[in-house]
Amino acid sequence: MAKVLVFIDNPGSALKKSSLELLTLARSLGDSAVAVNGDVSDAVAASFAEYGASAVLRPSAQDLDEYLVAPKVTFLAAAAESTGAAIVLLDNSPEGKEIAARLGIRLGAGVITDVVSVDSDGSAHKAVLAGSYNTTCKAKTPVSILTIKANNVVPEPAAAPSTPEQGTVDVPAAGAVPAARITAREQKVASGRPDLTDARIVVAGGRGMDGNFGPVEELADALGAAVGASRAATDAGWISHDAQVGQTGKTVSPQLYISAGISGAIQQKAGMQTSKVIVAVNKDAESPVFEIADFGIIGDVFDVLPQATAEIKKRKG
């Protein structure tokens with residue numbers, strides 16, 4: 001049975017859905033352990049047991065977050081070596097990908113990013129060339145490192161909860177010599193909406209919104225969805241860059257993706273083409289977005305979106 005290591009960074013008071021997906025996938029591939037940075041609450045510890053983790057490893061150093069990713073890579077490399085992990089799973093965030101790349105160099109391991117599913121033999125499935133092809137690939141090295149897109153695994157607790165090694169297993173973060181130190185952080189103002197990369201529903205607006213994202217935000221709030229945007233919209237300053245979905249933005253894989261006023265160019269497709277259901281709203285019947293949409297509405301977003309929002313609110317009572 002393969003040894004699988006999951007990296008979870010600063011879980012907070014409760015594990016995110018994407019973390020539960022990683023734990024579920026790890027358990028399906030073999031004997032899973034968790035390398036966790038940051039405080040572990042009682043609820044998080046209970047989740048580790050509920051999802052079948054055999055061990056929880058924590059760094060002996062407590063200052064990993066005061067630097068960039070180098071100390072986390074050192075910690076994760078030590079954790080992988082101590083557990084004999086053949087597969088290391090991380091989330092598909094920009095930081096997760098950077099850690100994966102550095103860890104690959106440290107361990108001499110193959111790295112596969114943007115993974116949507118993994119077979120029992122470790123073969124990974126992903127889309128390449130902006131979603132033009134679906135591929136199956138497998139690292140030839142003894143250790144493989146995979147970053148997993150959210151919303152592609154159904155979180156499922158283990159049939160019988162495990163009893164992870166009691167307490168924490170110290171894994172030293174020695175060896176990292178950080179060249180830069182983080183001196184301050186500013187908390188982002190919470191929008192009350194789901195995180196874009198974890199959301200089950202995303203409503204995204206583009207150039208067709210003409211600077212007015214109000215209808216997009218109102219529909220998103222009615223659906224309990226996250227708000228996304230095309231690069232054209234973020235570059236124009238209509239919405240912050242952290243909402244950008246696409247080849248140079250975030251990659252999302254929700255159950256439902258609503259595209260409003262977005263042309264559907266290949267750069268946008270690269271960031272959302274693994275969405276389960278795509279609904280496109282655009283007044284241009286020749287827009288490329290209709291080629292990838294499951295459902296298309298040819299119409300003005302400023303007519304269609306408010307009507308949809310009103311109907312959803314009506315049905316919700």
Side-chain angles (χ1 to χ4, degrees), residues 5-12 15-19 21-22 25 35-38 64-77 88-107 109-116 124 126-131 144-153 176 178-191 193-199 202 204 226-235 239-254 257 266-275:
L5 181 66
V6 176
F7 178 57
I8 296 178
D9 193 17
N10 290 302
L15 290 180
K16 296 190 298 183
K17 178 175 176 286
S18 57
S19 296
E21 291 177 18
L22 290 179
L25 177 60
V36 57
N37 172 47
L64 271 61
D65 293 321
E66 295 182 17
Y67 304 93
L68 302 181
V69 300
K72 295 178 184 179
V73 174
T74 301
F75 161 50
L76 195 51
V88 181
L89 303 179
L90 304 94
D91 65 41
N92 201 57
S93 65
E95 183 168 296
K97 290 181 179 180
E98 182 176 355
I99 292 173
R102 289 171 176 258
L103 183 63
I105 295 172
R106 190 75 61 89
L107 299 179
V111 178
I112 307 173
T113 60
D114 300 321
V115 175
V116 295
K126 59 177 290 184
V128 297
L129 299 176
S144 58
I145 301 168
L146 314 177
T147 67
I148 311 298
K149 283 186 176 182
N151 293 315
N152 284 287
V153 177
R181 189 183 189 99
I182 297 172
T183 59
R185 283 185 172 86
E186 183 176 340
Q187 187 69 30
K188 180 183 175 182
V189 178
S191 67
R193 300 186 183 105
D195 180 76
L196 182 58
T197 54
D198 287 341
V202 173
V227 172
S230 67
R231 178 170 180 171
T234 59
D235 283 352
I239 191 169
S240 62
H241 279 280
D242 61 3
Q244 183 185 334
V245 175
Q247 197 165 30
T248 55
K250 293 181 178 177
T251 300
V252 299
S253 188
Y257 184 91
I266 193 169
Q267 291 85 354
Q268 169 71 192
K269 180 183 175 183
M272 44 68 76
Q273 45 85 30
T274 55
S275 302

Problem set entry | Electrostatic pair Asp198:Lys17 at N-O distance under 4.0 angstrom | no
Problem set entry | Within-4.5 Å side-chain heavy-atom neighbours: Thr74 and Arg106 | yes
Exercise. Any side-chain heavy-atom pair from Ile182 and Glu66 closer than 4.5 angstrom?
Worked result: no
Problem set entry | Any donor-acceptor N or O pair under 3.5 Å, side chains Ser253, Asn152 | yes
For this session: Mind listing the closest non-hydrogen atom pair of Thr234 and Ala229 along with its distance?
Result: CG2-CB, 4.0 Å
Exercise. Between Leu90 and Ala100, what is the shortest heavy-atom contact and its length?
Worked result: CD1-CB, 4.2 Å
For this session: Under the salt bridge (Lys or Arg N to Asp or Glu O under 4.0 Å) rule, collect the residues that match up with Asp65, sequence neighbours excluded.
Result: Lys72
Seminar exercise, completed: Contacts of Thr113 meeting side chain to side chain contact (heavy atoms under 4.5 Å, CB included) (sequence neighbours excluded), chain-then-number -> Asn92, Lys97, Val111, Lys126, Thr147
Exercise. Looking at Ile145, Leu5, Val115, Leu146, which hits side chain to side chain contact (heavy atoms under 4.5 Å, CB included) with Leu89?
Worked result: Leu146
Seminar exercise, completed: Nearest heavy-atom contact between Leu22 and Phe7 is CD1-O, 4.3 Å
For this session: Determine yes or no for a side-chain-to-main-chain donor-acceptor pair under 3.5 angstrom, with Lys250 supplying the side chain and Asp242 the backbone.
Result: yes
Exercise. Do the side chain of Asn151 and the main chain of Ala199 share a donor and acceptor less than 3.5 angstrom apart?
Worked result: yes
Problem set entry | Backbone N/O of Gln268 and side chain of Gln247: donor-acceptor pair under 3.5 Å | no
